[in-house]
Every structure is written in C-alpha cells, then in structure tokens.
Undergrad: 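This is the structure I want to talk about, given as structure tokens.
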Protein chains: 2
Amino acid sequence: MQFELTKEYLEILRESIDNGRDSFLREELSDMHPADIAEIFDKLRIGETTYLFKLLEKEQSAEVMIELDESDREKLLSTLTSKEIAEQVIDNIDSDDAADVLSELSEEKQFEVISYITDDEQRSDIRDLLRYHEDTAGGIMAKELVKVKSTWTIARGIREMRKQAEGVDQVYSIYVTDEDDRLLGTLSLKKLLFSSSSIKTLIADIFEDQQMTYAYPDTSSEDCAQLMDKYDLVVMPVVDHDMKLIGRITIDDVVDVMKEEAEKDYQLASGISESVENDATVWLHTRSRLPWLLIALCGGLLVSKVIGLFEDELAKVAMLMIFIPLIAAMGGNVGVQSSAIVVQGLANKSVSMDNIFRRLLKEFAIACLNGIICAILLFTYTWFFLDSNALSYTVSISLFSVIVIAGLFGTIIPLVLNALKIDPALATGPFITTSNDLIGLSIYFFWAHQFFMVI
Amino acid sequence: MQFELTKEYLEILRESIDNGRDSFLREELSDMHPADIAEIFDKLRIGETTYLFKLLEKEQSAEVMIELDESDREKLLSTLTSKEIAEQVIDNIDSDDAADVLSELSEEKQFEVISYITDDEQRSDIRDLLRYHEDTAGGIMAKELVKVKSTWTIARGIREMRKQAEGVDQVYSIYVTDEDDRLLGTLSLKKLLFSSSSIKTLIADIFEDQQMTYAYPDTSSEDCAQLMDKYDLVVMPVVDHDMKLIGRITIDDVVDVMKEEAEKDYQLASGISESVENDATVWLHTRSRLPWLLIALCGGLLVSKVIGLFEDELAKVAMLMIFIPLIAAMGGNVGVQSSAIVVQGLANKSVSMDNIFRRLLKEFAIACLNGIICAILLFTYTWFFLDSNALSYTVSISLFSVIVIAGLFGTIIPLVLNALKIDPALATGPFITTSNDLIGLSIYFFWAHQFFMVI
C-alpha cells in the first residue's frame, strides 16, 4: 500500500552507490516522495547521503532537505557551500521552511546564504521571518499566500490568483483584503469554483467575513495550535496590529508544534529537563537528566537524615524499617497519578483555577477509596504474616494517610506551578516523587510513634 | 482578537436565561462559532444548556453537538428524543461525526434514531460507518467526498462537482476514479481553477496520479495519523481492497487521534491504566489508578521481604538502613528517564529493533557519566558527615551500579514490551520504578556484604 523501507532495499541502494549506478539511482529516486527519501537518508552514512543528494533534481532535493530531521539536515548542509544552499534549497521552498533551515545555520553562514538568494521577494520574506522567535506565529508562518481585494470582480480575482498561486504549493483559502491590505475575510476555492454567480460579481458580494480566526505575529505557537485545533482550521491568517495581512500558518506546522509540546511534557514528567532528540550526543542526554538525579539525590539524603533521627528507635523495632521503601514508593506513585491528571486537564483547558475546590474534593474521594483498599490489603498481609498488631496498625494507617495526602499534594503542586507560570508538567517528575518520600516517612514515623511509643 | 469566555459574560447569559430573554440570547448565539458555544455549554448547568440549545438553528445546534466533549454531549442527548436527535443533529452533520455521536448511544436508541433519519443516503452511510471499529480508518473516515471520473471533460467534472460539493462542507481535493469507481488519483481545486487548459480537456489529462497515499478501512487510526503527518496531508482517501474509493479522512480527525495517543502514553507513564477524561466519575478514576497501586504494593511487600532477610544484619549496622530509600529512589528515577527516551523514539520511529545494540551502548555511556557524578557527590557527603569508610564505599559504589543497571534495564524493558506488541509506555510507569527498587536493594546489600562482611 505505502512505501516500506526494507533492509534489502537499503542494501540495493548501498551497492548501487558503491558501484556508481547513477542512472538506476536517479530512476529509483525520481518518483519517490521526499519524505520517503528523507527516511532513506536517515539510515545511510553521510557519504552515501551526499552522493544521493547530488542525484536529485533541485525541486526534489529542496523538499528532501525540509523533511530530514534536524541532525541529518545539519550534516548534509555542512557538505554544501552557501551558494549551493541558496540555489538548490532556499530558492525552491516556501519562506517558512527556508527560514527554519537558515535558522539552524551560524550567523555568518546565514548572511552568506541570504546574499546568494536570487529571488528578491524570497530574500526579503526570509529576512522578515528570521526576525520572529521560533515559538511564535511569526516563527511558523509562511509569507506565500493568495489574496484578492474585495473591490475586484471574480474574473479579475481569478486572473490575479493564477499569478499568485504559482508561488504557493497548497492553496487552502483565499484571503480578501481592503485597498490598504487589511484582512476582511476569506473566500473558499469551493465557493469560487462552484458558486453560480457571474464572473462580473464583485468579490465583496461573495466572500465570508464571519467568525474570522487569526493570530498576531507574537501569538505563541502553542496558542496558534490551540486555536486551529479548536476551530478545526487547516490554515490561519497572521495579521499585524493594524489587521494588515502578513502571513499564514498551515496545519502541518501546527501539528509539529503539538507533537513537540506533547513530547516536552512527557520528558518533563520523566525527569528530562531540556527536550532532547533521540540521536542527541551522550553529553546532551547526560546534561538533560543530571539535574533531576541531583534533586533526587538531595531528596534521598534528606530522607536518610529523617531516618537517621530515628535510628536508635528503629534499631529497637527493626521490623518498622522493612516497610520504609513501601510507604515511600506508594506516596510517590499516588502523587504522580493525581498530578498527571491535573497537568492534562490544564493542557486541554478542562481544569481551571475557578474549580480547584471541587477538583480537590474529587481527588480526596479517589484517594480515600484507593487508600482504604490498599490499607486493608496491607493490614491483612501484615496481620497474618507478622505477629505484631502495633506494626499492622502503623503500616496500614500510614499507607492510608500517605495515599490521601500524596493525592492532594499531587493535585495542588501542578496548579500552583501553573499559577506561577511554570510548566506544570514539572510536577509529575522526580520532584513530586522525592517530596512524597519525605512526607510519607514523616507520616510513617508519626504513626509508629503513636502505636509503639518507642519513637 | 478571539472569543474569550469571561465570568461576567457567563453571568449575563445566566441572567438572560432566568429571565427568558430569548431574542437577546438568539442574537448573541446566532453569529457565534459552534466551538465557542460548546465552551459556554461546558460551563453551564444542564438545565441552562438545554434551554440555549433549543434556541439554536438546526445547522448550528448540530455543529455544537459535535464540538461538545463526550460527557456534556451525553447529558444533552439524554434530554432529546430519538426523533429530535435524528432531525436536529444527525441529518445536519457529516457521516463521520454522525456515526461518532450515534456510537455513544445505547444499541436500541441507535436503532431508533437511525430509523428517524430522513436522508436515505445519510442513513445507509451511517449504518456503514458504524460497522467499523473506532480505532480504524473506517471508524474516523467520512463518506462525503467529491469525485469525478477520469473519462469526463473538465466542464462535466465541474457540473457534477457542484452537485456533490453541496453535501461536503470542506473540499480539499477531488478524487479521480475509473469507470468502476477505483481510485486513480487526485485533482486539486487549485489546478482545476487556475489551469489554463480548456474546459473540453479530459480530466484524465490533468489529474495527478503520483505518490498517492491512501488507507484501507482496517488501517489503524494511529497509522493513518502517522501517514498524514509524514506526507503532510490534509485529507487522505480510504479505499477497499479492490481500490474502490469508500471515504476520506480529514486532518482534524487525525489531530484528535494524535492528541489521544499522546494523552494515553502520558497517563500510562504516570500509572493510569485506562485513559480517563478529566470529568470522569470518582469510581472510574479510582479504577484506572488502583491496578498500578496494587502492583506497587506487591512490589513494596517484596522489597520488605528482601530487607527482612537482612534484618538482623541491618540491626547490627543500622547506618546501612538510612540509605535504602535513596538507593531505591535513584534507581527508579534513572529507569524512568531512559525508558521515556526509548518510548518516544519508538513512537516517532527513530528507534527500531535493528539499532538496539548501539542504543544500549549509548545508554550505558550516559548512565556511567551520571553514575560517576552522583556517586562522587554521595561519597564526599558520607565521607565527611558519617565516619565509616565501609559505608561510604558501599553507598557510592551501590549508587553507581544501580544507576548503570537501571539505565540499561529502563532501555531494554520498553523494547521488549514493544516486541511483544504491548504498549511500551507501560514501562515508564510504576512498573519500572518498583522493579528497580528491588534491583537497587539487592545491589546495595551485595556491596554492603563486600564491605562490611556482616551480611
């Protein structure tokens, strides 16, 4: 059904490269989708990649360059001169992709490449886009779009669009502006093509100006994603603060934003601070994990201090000690569970600050249910296998309290972080596990004190 | 810039509902986007929601029904008769949305509603769609699409499309089929509108048959998402196994799939088994978390057994005990970190079974780096604050070994799960934390034995 990259096929390509069967390779690559070629490049050595790259047509090689993942692209770009990058790649892709590619180059290389761009409009567009931060609408928008003036007739509109459309590979909707280029609304190709109105009709009479959704260049790319998702948009216009139309964001860019967001949250929750690509260097991976391990280490030392305080007593009632990891671990797990739900709720806006109390009440109920069930099980176990009532009471009641408190704690932390404008996903990381270790143990020793009177 | 739902505005609506200011409310709602109305409904009581719902026009009320989240929709649907559901909702939405709405109803209610559908084509389309599993292409595809035969002239094509397009709210691309309805390729509206070819030209001469990407009804919705993402598609055709065109999948459906996927993984990783909506019942929340807590509980009991074995020895060297939670916690954290990276790598296909060895080697390097750093810190701490060389050696060397082993373990588990066709995201859950507790302690006691000779 679709392209399926097999080991065998890779081998065939490798051989053909070694034996310089260019015509065969050209043949193979010519009607392959750029995304598939990028997939092949990802599996080949840089030498082989550059060899194949040289065999591609300009158009195609540019497309492939966009589809490659960052590290592969970086390697490939480093084998090209600024002139080659400008003429083979930048000149043949949309301004937004061009800006993305350039933004990965060094300052001076950027400057060099831009100077080699032959298409003046493309050059100024790119200069323009490079000014915006990559996490904003300006950073993900493209300059290419099709627009008509409301004062034109359909006939003229179509004439003008023909010209514009050449520069745009995907036309989703046509933007309608006033004489001063201010956005008034959109005109769907469907309407234009299938409307029975004569070609003499003014565009002003057929375009839609209802419920227009748009972004400003400084709107965060996350907000753009949320807007386009909420309103099921495939493309969204970007306007400056005088409503002047300056670009458009397409769904594919926004999908990438969503995926990065999800990955970042997932990594944060797993205790990986800076989002790292899978093929990042060992050092980068280490650096992204170490901070959390150090936090956990300090937490562990604190825990050891707490236990240390009760060392002699624990020595007296040695049995107490064997349940320390259990209590600590359960607290951590419950905390992560309840904070994960809040983090997601905040992400999809189903949790807001104004229903906190209801949410806490709910978490309390859930925690109580889980707590009772686990506590009863633990009580039964200890009752039958360890003949110390005091111990059975201590561990089961401690477990219950830990589960309830960790549940509430796990709900509050992300809400607080969010209120402090810190990414709440941090909460589900080792952060909460560690702090719950501490809380759990204190509770444990408190109850032990009640039941043994030794501590 | 966009619609912003404020407390004040909600209050105004509430009041107007209480005082039955219908004309005002109609006015307010009439030019509001369905998604915004859904947002309002989400904040209102069911009584108020139904009141407003009755004020909407058919078209609009149908759209709103789709935009509502499941629990809100369920409540609202329960206030409508089967006849109302059929005429007000189902008759006015695309077949895929209609099928989604129906699939949330009880068997007999479904049957009733379908019997009330006035549009025969819609009825048969929906019956058709309800047969597919919701996690397949068939389950997310819509039947509405615009298709032309390659043997037609552009002129006839446009005539026929006009008719078809009425039933389709968004036309992204037009499908070209042969006489037997087999998919041959696509025809972009852009090309149709801007191609200079005369209207006498055959569609066969202008349509694109290159690099067609399509799905079968039984293709998993996840694979559909991956395909549309990889090839930057806004819409993808669905064909049966004779290549007969049977539907189309649009990007908005696929974006939802991606989001659900991400949420599911995130929840699995946080120890929440079945994906639960934020507003699910307390019982549902409890049920989704309990399994993990029980696993963790058993793990904890196992840990306690292990410690129990060394109880007397630990009593002798009580200091050993205070670092048990630290060792256990660090193992858990490292394990989660490294498995998270693998899980993501598997998700975005950058990790495959054939580069396992390289990946393990890399994780080994990362773990060694982190391990050495943490171990040195811990050694220095214990060296200065606890005057027992044996203890310093034990804890620091244990910590190092635990970090390395947990790192490798965390890498292997998700790969194994994946090979067993189990969702690897399971690995990053309490599952790995607990098993690492055990491994960590065993290592700890092993080294303690070496350095103290008491165990």
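Scope of the values below: all heavy atoms of this structure, side chains included, with no hydrogens, waters or symmetry mates. Convention: sequence-line order gives letters A, B, ...; per-chain numbering from 1.
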Undergrad: Go through the atoms of Ile324(B) and report whether side chain, backbone, both or neither lie under 4.5 Å from a heavy atom of chain A.
TA: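 Only the side chain of Ile324(B) comes within 4.5 Å of chain A.
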Undergrad: Side-chain contact, heavy-atom cut-off 4.5 Å: Ser288(B) with Gln337(A)?
TA: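 In short, these two side chains do not touch, never coming nearer than 4.5 Å.
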Undergrad: Go through the atoms of Leu399(B) and report whether side chain, backbone, both or neither lie under 4.5 Å from a heavy atom of chain A.
TA: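 Interface part for Leu399(B): side chain.
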Undergrad: Please state whether the side chain, the backbone, both or neither of Ala329(B) comes within less than 4.5 Å of a heavy atom of chain A.
TA: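 Contact with chain A: side chain only.
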Undergrad: Out of Glu261(B), Met228(B), Arg159(B), Glu363(B), which one racks up the most heavy-atom pairs below 4.5 Å with chain A?
TA: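 Most pairs with chain A among the choices: Glu363(B).
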Undergrad: Quick one: what part of Thr382(A) sits under 4.5 Å from any heavy atom of chain B, side chain, backbone, both or neither?
TA: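 It is neither, since no heavy atom gets under 4.5 Å.
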Undergrad: Just so I know, are the side chains of Thr213(B) and His33(A) near enough to count as touching, which here means a heavy-atom distance under 4.5 Å?
TA: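 When only atoms from C-beta onward are counted, His33(A) and Thr213(B) do not touch, as no gap falls below 4.5 Å.
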Undergrad: Which atoms of Ile366(B) are under 4.5 Å from chain A, going by heavy atoms: the side chain, the backbone, both sets, or neither?
TA: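 Both backbone and side chain of Ile366(B) come within 4.5 Å of chain A.
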Undergrad: Quick check: closest heavy atoms across Leu297(A) and Cys374(B), and the distance to 0.1 Å?
TA: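 Looks like CD2-O, 4.0 Å.
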Undergrad: From Leu386(B) CG over to Ser304(A) OG, what is the distance, rounded to the nearest 0.5 angstrom?
TA: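 Reported value, rounded in 0.5 Å steps: 7.5 Å.
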Undergrad: How about Gln267(A) and Ile341(B): do any of their side-chain heavy atoms sit closer than 4.5 Å?
TA: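 A side-chain contact exists here, since the closest heavy-atom pair is under 4.5 Å.
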Undergrad: Tell me, out of Met243(A), Met32(A), Met258(A), who's got the most heavy-atom pairs with chain B below 4.5 Å.
TA: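 Counting heavy-atom pairs under 4.5 Å, the top option is Met32(A).
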Undergrad: Work out which heavy atom in Lys362(B) is nearest to a heavy atom in Thr281(A); give both atom names and the distance.
TA: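 Residues Lys362(B) and Thr281(A), closest heavy atoms: CE-C, 4.5 Å.
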Undergrad: Check whether Tyr381(B) gets within reach of chain A through its side chain, its backbone, both or neither, counting any heavy atom under 4.5 Å.
TA: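 Interface part for Tyr381(B): side chain.
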Undergrad: By a 4.5 Å heavy-atom criterion (distance strictly below it), what part of Val282(A) contacts chain B: side chain, backbone, both, or neither?
TA: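 Contact with chain B involves both backbone and side-chain atoms of Val282(A).
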Undergrad: So which part of Leu377(B) gets closer than 4.5 Å to some heavy atom of chain A, the side chain, the backbone, both or neither?
TA: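 The side chain, not the backbone.
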Undergrad: Between atom CE of Met321(B) and atom CZ of Phe310(A), what is the distance when rounded to the nearest 0.5 Å?
TA: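 Reported to 0.5 Å precision, the distance equals 11.5 Å.
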Undergrad: Highest number of heavy-atom pairs under 4.5 Å with chain B: which of Val303(A), Val306(A), Ile327(A), Leu290(A)?
TA: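 Max contact count across the listed options: Leu290(A).
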Undergrad: For Asp256(B), is it the side chain, the backbone, both or neither that has a heavy atom under 4.5 Å from a heavy atom of chain A?
TA: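 For Asp256(B), the contact with chain A is made by the side chain alone.
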Undergrad: May I ask you to name which of Asp252(A), Asp36(A), Leu233(A) has the most heavy-atom pairs under 4.5 Å with chain B?
TA: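 Of the candidates given, the most pairs with chain B belong to Asp36(A).
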Undergrad: Of all heavy-atom pairs between Lys230(A) and Ala35(B), which one has the smallest distance, and what is that distance?
TA: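 Smallest interatomic distance, heavy atoms only, reads O-CB, 3.6 Å.
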Undergrad: Please classify the contact between Asn370(A) and chain B as side chain, backbone, both or neither, with a heavy-atom cut-off of under 4.5 Å.
TA: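 Both parts, backbone and side chain.
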Undergrad: What is the minimum heavy-atom distance between Asp232(B) and Glu67(A), and which atoms define it?
TA: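 Smallest interatomic distance, heavy atoms only, reads OD2-OE2, 3.7 Å.
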Undergrad: Which residue out of Thr250(B), Leu294(B), Leu301(B), Val254(B) racks up the most heavy-atom pairs below 4.5 Å with chain A?
TA: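 Most heavy-atom pairs within the cutoff with chain A belong to Leu301(B).
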Undergrad: Between Glu263(A) (side chain only) and Gln344(B) (backbone N and O only), is there a donor and an acceptor less than 3.5 Å apart?
TA: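 No, because the side chain of Glu263(A) does not come within donor-acceptor range (under 3.5 Å) of the backbone of Gln344(B).
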Undergrad: Quick one: closest heavy-atom pair of Gly300(A) and Leu326(B), and the distance?
TA: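 Answer, listing the atom of Gly300(A) first, then Leu326(B): C-CD1, 3.5 Å.
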Undergrad: Heavy-atom pairs under 4.5 Å with chain A: which of Thr286(B), Val334(B), Asp31(B), Ile307(B) has the most?
TA: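 With the most close heavy-atom pairs to chain A, the winner is Thr286(B).
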Undergrad: Which one of Asp229(A), Leu302(A), Leu441(A) has the most heavy-atom pairs closer than 4.5 Å to chain B?
TA: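 Heavy-atom pairs under 4.5 Å are most numerous for Asp229(A).
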Undergrad: To the nearest 0.5 Å, what is the distance between CD1 on Ile373(B) and CG on Leu293(A)?
TA: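 Reported to 0.5 Å precision, the distance equals 9.5 Å.
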